[in-house]
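Notes follow once the structure below has been shown.
These figures come from a predicted structure and were not determined experimentally. Both backbone and side-chain heavy atoms feed into the values below; hydrogens, waters and symmetry mates do not.
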Amino acid sequence: MELLTNILAFLRERNAEAYLVGGFVRDQLLARAPARDIDIAISGEAVALARAFANAHGAAFYLMDAEHGVARVL
């Protein structure tokens, strides 16, 4: 959960409105082993935030859909 803590701290610092979604939430609700990925819906400049997070943490960034503001940080 250290990754989630880092993500939340990063988003708080930028006053970003964000929501956990997808398999991570499902697995938490069903008390399953956590999914290996964390999906986050962000209001506003999601791509810019994803790129900034990747840069701040030395992670890879991948723009998946510029038109819909979808990106992935690995």
Mind checking whether L20 and L8 sit in one hydrophobic cluster, side chains of I, L, V, M, F, W, Y counted as touching below 4.5 Å?
-> yes
Is L3 reachable from L74 through a run of I, L, V, M, F, W or Y residues, each pair having side-chain heavy atoms under 4.5 Å apart?
-> no
To the nearest 0.5 Å, what is the distance between CD1 (I7) and NE2 (H57)?
-> 8.0 Å
If a pair satisfies side-chain hydrogen bond (donor to acceptor under 3.5 Å, both in side chains) and one of its residues is in residues 11-25, list it, with sequence neighbours excluded.
-> E17-Y19
Nearest 0.5 Å, what's the CG-CG distance between L49 and L11?
-> 6.5 Å
Identify the two heavy atoms, one from N6 and one from F53, that lie closest to each other, and give their separation to 0.1 Å.
-> O-CE1, 4.0 Å
Joint cluster assignment, V70 & I40, ILVMFWY side-chain distance < 4.5 Å | no
Linking I/L/V/M/F/W/Y whenever any side-chain heavy atoms sit under 4.5 Å apart, do V21 and I42 land together?
-> no
Given V47 and E45, is the side chain to side chain contact (heavy atoms under 4.5 Å, CB included) satisfied, shown in steps?
-> CA-CA 6 Å; V47 172; E45 295 294 323; 5.8 Å; no
Can you see which heavy atom on A54 is nearest to which on V73, and at what distance?
-> CB-CG1, 3.9 Å
In a table with atom names and distances, give each donor-acceptor pair under 3.5 Å that connects a side chain of residues 22-31 to protein atoms at least two apart or in another chain.
unit_1 : atom_1 : unit_2 : atom_2 : d
D27    : OD2    : A35    : N      : 3.3

